[in-house]
Amino acid sequence: MAIEEEILQATLAASEKLYGQAPDVKSLQISATRKEFEGDLTLVVFPLLKLSHKKPEETAEDLGKELQASVPAISGYNVIKGFLNLCISKSNWIDTVNNIAADPHFGIVEATDNSPLYMVEYSSPNTNKPLHLGHVRNNLLGHSVCQILKANGIKVVKTNIVNDRGIHICKSMLAWKLFGNGETPESTGKKGDHLVGDYYVRFDKEYRAQVKALMEKGMTEDDAKKEAPLIKEAQQMLEKWEAGDPEVRALWEKMNNWVYEGFDKTYKRLGISFDKIYYESQTYLDGKAKVNEGLEKGCFYRRPDGSVWADLSKDGLDEKLLLRADGTSVYMTQDIGTAQQRFRDFNINKMIYVVGNEQNYHFQVLSILLDRLGFEWGKDLVHFSYGMVELPEGKMKSREGTVVDADDLMDEMISTAKETSGDKLKEYSEEEVNNIARICGLGALKYFILKVDPRKNMMFNPKESIDFNGNTGPFIQYTYARIRSVIRKAADAGLQVPAKLEAKYELSERETQLVQNLASFPQAVKQAGKDYSPAFIANYCYDLAKAYNQFYHDFSILKEENADAQQFRLMLSSLIANTIKTGMDLLGIEVPERM
């Protein structure tokens, strides 16, 4: 049992003994003692005041005496207002290191047959354009959340919904039909998703020109946007698609397949995968059926033009369109059908949607509609709402072709990593150099995005992300490689990492703090799972790497003459490397054995 858990259990027992009842264990908080105070761990006593009916200082003094008497590892304590600072015996930290070394899955909780099953949806691309920087953040967050949930003993189904139908898809199709001259990925040498995306941009360019021409003839902008021949033809194409027109369906299938091949290559480079992929074209009919069913039951209503709406005024919202007047469906319709299919396919306990915060209203409505349609799980869906990614140059717009393409971004990051390494890799083969550059470049990209609180908007700066100093992926990767180098040099000198330490060595204050940093990894994993926040893991890895580098600078390892000290530092170094690797894996980031 970790010392923090032992103290928590002892606090419950002490409260029962002193005050006749124990607090909710979730209300208790233990953290590392602040550097300006004496102690190793601090217990916040304020949650106990309603039980003790005493002042904070008196309550802390009561608990201090009881905990010192009942927990052998506690060698002393002091009270600062409502904070009980506990001193932990040096021998206990040796025991902590041994316990970590004995646990091959340190920090990770294995799922069991009785573990809950969560489904996490992420990516959700449209088949009219390639993946861009915004998709990168979505995919990285979704993948990392899945990894973190698994590390908390939860079974996970990773899923994707591909938006493969709708007016936006028809825009790319129509532009290719009108202006493409039979181009294919093979004939142009372009990835299929890039080729299709070019025609989405081309549609917008031609459409804007038509709108401008109509406005010059005296038409209002709103009317011009509705009457432009291209948009009318795209709407007609969508109606033909829904009617099953063979020619339109054949073109749709051909161009979507180009895109899927392109997506697969991008996903593979990012390290992204899915257990199940759903397609809007296969779920929207279920959604329409459920909407019509809700219409018959009086959950929704039909307007004179034939469109179907949900009145959400009783829920403090407005009215929501579910079926257009021409009978075509909207995103909400598709999401209702997809949700029904998912709960039919998997007996999941929770559904988590990783979707940007511009869709907050959408998922608020979806939850209400699913509940109204009789799905018990409707109220419990989780919208993991994350902020947008912006660039120093401003916001991105796909239709105008101003997005940062995911493939181009990865190429740039890898190239920059290779340039930044300079002469550091001159002794390695070209294959090794390319692999290290790939690991560091993609690691820099992933870490820079994941270290930020996912709920906040963020500014992505490629140059800052690849710095080998500061809170970056390459800094943490370099720390791991440094430790692995120490372990290899130790082995060359005939020194092996011990399987277990004897309690002979008296740790310094810096070493004690480093052990505490290491031992807090399970709490970081637990907190990250509770809050669906990879940022907890990212910043834990940085803090651990930073603390190790300070230790490495101040203490000798290979040249240490005290054998007990050397053995301790070798084991501690090895465990920190293992934990950094585990933590970075939860973020989907590789670590190189050498740099």
Side-chain angles (χ1 to χ4, degrees), residues 1-15 17-18 25 28-45 48 57 59-103 106-107 497-524 543-544 547-548 550-551 554-557 560 562-576 579:
M1 183 187 297
I3 184 62
E4 290 87 354
E5 183 62 28
E6 188 176 352
I7 292 172
L8 285 177
Q9 296 304 318
T11 300
L12 297 178
S15 179
K17 177 182 176 181
L18 292 168
V25 68
L28 299 178
Q29 180 183 344
I30 294 179
S31 59
T33 302
R34 290 166 56 179
K35 293 180 180 179
E36 60 264 35
F37 300 115
E38 180 186 0
D40 299 300
L41 296 171
T42 296
L43 173 68
V44 182
V45 303
L48 293 158
E57 294 86 347
T59 304
E61 190 67 38
D62 288 345
L63 285 172
K65 290 178 182 177
E66 285 294 326
L67 292 178
Q68 187 172 7
S70 61
V71 181
I74 296 176
S75 59
Y77 69 91
N78 63 84
V79 175
I80 305 293
K81 297 182 179 179
F83 300 92
L84 175 59
N85 300 323
L86 303 170
C87 300
I88 309 301
S89 64
K90 300 297 183 182
S91 61
N92 174 80
W93 298 118
I94 295 291
D95 292 339
T96 297
V97 172
N98 281 331
N99 290 336
I100 293 172
D103 183 357
F106 173 62
V497 176
K500 184 177 181 180
L501 297 170
E502 299 298 329
K504 298 177 181 178
Y505 179 58
E506 189 77 11
L507 279 67
S508 67
E509 183 178 346
R510 176 65 59 80
E511 289 168 318
T512 298
Q513 290 173 351
L514 193 51
V515 174
Q516 283 183 264
N517 288 354
L518 175 63
S520 65
F521 179 56
Q523 284 74 38
D543 289 340
L544 184 61
Y548 181 83
Q550 292 172 342
F551 159 78
D554 294 341
F555 292 83
S556 176
I557 299 177
E560 174 59 51
N562 182 315
D564 292 331
Q566 187 177 67
Q567 289 283 285
F568 168 78
R569 292 169 189 170
L570 273 176
M571 178 181 272
L572 182 59
S573 297
S574 178
L575 294 176
I576 287 173
T579 303

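We use all heavy atoms of the structure for the numbers below, so side chains are in, but hydrogens, waters and symmetry mates are not. In this text the structure is predicted, and so the values were computed from the model without any measurement.
- When the side chain to side chain contact (heavy atoms under 4.5 Å, CB included) test is applied to Ser15, the partners found at least two apart in sequence or on another chain are Tyr19, Pro23, Leu48, Leu51.
- With sequence neighbours excluded, the residues satisfying side chain to side chain contact (heavy atoms under 4.5 Å, CB included) with Ser520 are Gln523, Tyr540.
- Checked against salt bridge (Lys or Arg N to Asp or Glu O under 4.0 Å), Glu4 has no partners two or more places apart in sequence or in another chain.
- Listed by first and then second residue, the salt bridge (Lys or Arg N to Asp or Glu O under 4.0 Å) pairs that reach into residues 562-573 are Glu511-Arg569, Glu560-Arg569, sequence neighbours excluded.
- For the salt bridge (Lys or Arg N to Asp or Glu O under 4.0 Å) condition, no pair includes a residue of residues 91-100, sequence neighbours left out.
- Applying the salt bridge (Lys or Arg N to Asp or Glu O under 4.0 Å) rule to Lys500 yields no partners; only residues at least two apart in sequence or on another chain are considered.
- Residues passing the side-chain hydrogen bond (donor to acceptor under 3.5 Å, both in side chains) test with Thr11: none are found, sequence neighbours excluded.
- Looking at Thr33 and Asp40, their side chains never bring a donor and an acceptor atom within 3.5 Å of each other.
- The side chain to side chain contact (heavy atoms under 4.5 Å, CB included) with Phe106 is formed by just one residue from the set Leu518, Asn99, Leu575; it is Leu518.
- In this structure, Asn98 has no side-chain hydrogen bond (donor to acceptor under 3.5 Å, both in side chains) partners at least two apart in sequence or on a different chain.
- Under the rule for a side chain to side chain contact (heavy atoms under 4.5 Å, CB included), the partners of Glu38 that lie at least two apart in sequence or sit in another chain are Asn78, Cys87.
- Taking the side chain to side chain contact (heavy atoms under 4.5 Å, CB included) definition, one finds that Ser573 meets it with Ile483, Tyr548, Phe551, Ile557, sequence neighbours left out.
- The side-chain hydrogen bond (donor to acceptor under 3.5 Å, both in side chains) test applied to Lys65 returns no partner, not counting sequence neighbours.
- Residues meeting the salt bridge (Lys or Arg N to Asp or Glu O under 4.0 Å) test with Glu509, sequence neighbours left out: none.
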